[in-house]
> 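Here it is, the structure in full.
Starting from 1, each residue takes its place in the sequence as its number. Atoms considered below: every heavy atom in the structure, side chains included; atoms not considered: hydrogens, waters and symmetry mates.
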Amino acid sequence: MTYLLTGPVRKFAIVAGAMPEIRARDVHREPTPRLGGIAMFFGLCAGLLVADHLTNLNQVFETSNEPRALLSGAALIWLIGVLDDKFELGALIKLGGQMIAAGVMILQGLTILWLPVPGVGTVSVTPWQGNLLTVALVVITINAVNFVDGLDGLAAGMVCIAAAAFFLYTYRIWYGYGAEAAAPATLFSAVLMGMCLGFLPHNMHPARIFMGDSGSMLIGLVLAASAVSVTGQLDVEALNVNLGGDRETTHAMLPVFIPLLMPLTIIAVPAADLILAIVRRTWRGQSPFAADRGHLHHRLLEIGHSHSRAVLIMYFWSALIAFGALAYSVNSASMWIVLGVVFLSAIGLALLLLPRFTPRAPRWMERFVPPRYRRGEAVVALSPEASTPASAAEQPAALTPENRTPAVSGVAGVNGASAIGPRSRLADRGRAGTR
């Protein structure tokens, strides 16, 4: 449903003028329509509607109010995101909307009731403590996903990876241990995977449409709701028969059961980006919500990675952390899992620093390789005076104003394609992230 609706939503976004001007921190070169979250929200509604009519899943709606709580909170946060995509709401307004959406879910029963603490067992929390933890988890997860939404296909792909790992874990609890309380979290994760996978074909580089805050806050809320559902609603003592005791169960569930650590184990990369952004902006005397070009994906572009390779590297680290935590939760005593994670981390570091090392071909191969790999090639740096031609006649033909067609909102050539035209192939398209 998300895949089919994204095309019409893109046309609607162009007509509605939901195509803001390119900002200093943006890495795309052409105005691109937003409001992709509209298609994702209807994908969420379609997924829940179909699940309600399936034989093995309709009991989730009969025995639990969590799907309705999720849909209520998602509708509210989606509406705020749509207004922000069109009218650019303030950061405090969006933060207040996120807290209200979390409160709506809490009022309908989707909240943390108890916490499994390692070495102690199940610890019951008061209603106020559970509500505060729920609001904190929802706000942290939403903003972590929102902060990482800076490259084509990045946020949707990373959330899809996290949802896949979380789905495998909750499905194992549901069917492996017979814990029916894990069924809503399993359903939410599966629907979230469908929302992201349906949107990715339209959002991969070069993106034809952005999800905007209406999409990033929505998928962040769904992921947070899955975490709250399996953490605060599942009774750990119900699994003691299979795992051998309360403390053993707590240790087995550790990677995904502690809400305060959930963003670090399931969406560790967005959470790290969120923390670094807050520290960086506060250190400079700025507001934590002030936008800049210091996010992790911006730094990857500055190092020398291409747009697509930067996205793939972020995918790699997200998958390594999410599925590493999943493997550890299945068998925490296996040393092979730890060694495998360490080995893959070393590979990830090598890929991360690859642009720092510029290989040089041997003399006898220089004629067969691109110029940048030849020892004799040198980059000529032009002075400011020399870099500015004296007249328009000295400019290359491809750079003269007569030969350029600026991208204008609402006409053919708008980042990828217009509402009715094909994708544009601009000859002067530079590498994403360079200005």
Side-chain angles (χ1 to χ4, degrees), residues 1-6 9 35-54 56-85 94 96-113 130-131 134-135 137-139 141-142 145-146 156 159-160 162-163 166-167 170 174 180-199 211-234:
M1 183 61 67
T2 301
Y3 175 78
L4 295 177
L5 289 179
T6 302
V9 167
L35 294 179
I38 295 179
M40 305 181 82
F41 176 74
F42 283 104
L44 170 66
C45 297
L48 294 178
L49 180 63
V50 171
D52 190 22
H53 290 80
L54 294 179
N56 294 330
L57 289 177
N58 58 358
Q59 295 181 357
V60 176
F61 297 84
E62 297 175 357
T63 60
S64 174
N65 198 42
E66 294 180 22
R68 299 176 183 85
L70 169 66
L71 191 58
S72 301
L76 178 59
I77 202 69
W78 169 74
L79 180 60
I80 296 174
V82 170
L83 294 176
D84 179 68
D85 290 340
K94 290 190 291 184
Q98 295 167 10
M99 298 177 69
I100 294 175
V104 169
M105 295 193 299
I106 290 173
L107 290 176
Q108 300 188 57
L110 187 55
T111 184
I112 295 175
L113 302 178
N131 294 343
T134 302
V135 172
L137 176 61
V138 171
V139 172
T141 307
I142 289 177
V145 176
N146 192 20
V159 172
C160 183
F166 201 71
F167 168 80
T170 53
W174 182 15
E180 293 294 333
T186 308
L187 173 61
F188 298 163
S189 301
V191 173
L192 181 58
M193 290 171 58
M195 295 164 58
C196 296
L197 289 175
F199 186 72
M211 67 172 64
D213 282 2
S214 59
S216 62
M217 293 198 300
L218 175 63
I219 59 179
L221 178 77
V222 177
L223 186 60
S226 302
V228 170
S229 177
V230 74
T231 303
Q233 303 292 321
L234 180 62

> How long is the span from the CD1 atom in Ile142 to the NZ atom in Lys94, to the nearest 0.5 Å?
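These two atoms lie 11.5 Å from each other.
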> So among Val60, Leu70, Leu44, which one has a side-chain contact (heavy atoms from CB on, under 4.5 Å) with Phe188?
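The passing option is Leu70.
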> Return the CD1 to CG distance between Ile38 and Leu79, rounded to the nearest 0.5 Å.
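These two atoms lie 10.5 Å from each other.
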> Within a strict 4.5 Å, meaning less than it, do heavy atoms of the Ile100 and Leu76 side chains meet?
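Yes. Closest side-chain heavy atoms under 4.5 Å.
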> Kindly say whether Phe61 contributes a backbone atom to a donor-acceptor pair with the side chain of Ser64 at under 3.5 angstrom?
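Between the backbone of Phe61 and the side chain of Ser64 there is no qualifying donor-acceptor contact (under 3.5 Å).
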> How long is the straight-line distance from CD1 of Ile80 back to CG of Asp85, given to the nearest 0.5 Å?
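It is 12.0 Å, given to the nearest 0.5 Å.
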> Between the side chains of Thr63 and Glu180, is a donor N or O closer than 3.5 angstrom to an acceptor N or O?
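No - no donor-acceptor pair under 3.5 Å links their side chains.
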> When you measure from the side chain of Ser226 to the backbone N and O of Val222, does any donor-acceptor pair fall under 3.5 Å?
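At least one qualifying donor-acceptor pair exists.
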> Could you walk me through whether Phe167 and Thr186 pass the side-chain contact (heavy atoms from CB on, under 4.5 Å) check?
CA-CA 5 Å; Phe167 168 80; Thr186 308; 3.5 Å; yes
> How long is the gap from CE on Met105 to CG on Asn65, to the nearest 0.5 Å?
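Met105 CE to Asn65 CG: 12.5 Å, rounded to 0.5 Å.
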> Just so I know, are the side chains of Met1 and Val50 near enough to count as touching, which here means a heavy-atom distance under 4.5 Å?
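SC-SC contact between Met1 and Val50 ruled out.
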> Quick one: does Ser189's side chain have a donor or acceptor within less than 3.5 Å of a partner on Ala185's backbone?
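Yes, the answer is positive, given that a donor and an acceptor are paired below the 3.5 Å cut-off.
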> Looking at CG of Asp213 and CH2 of Trp78, how far apart are the two atoms once the value is rounded to the nearest 0.5 Å?
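Interatomic distance, Asp213 CG to Trp78 CH2, rounded to 0.5 Å: 14.0 Å.
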> For the atom pair CG (Leu192) and CG (Leu187), what is the distance rounded to the nearest 0.5 Å?
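Here the interatomic distance stands at 11.0 Å.
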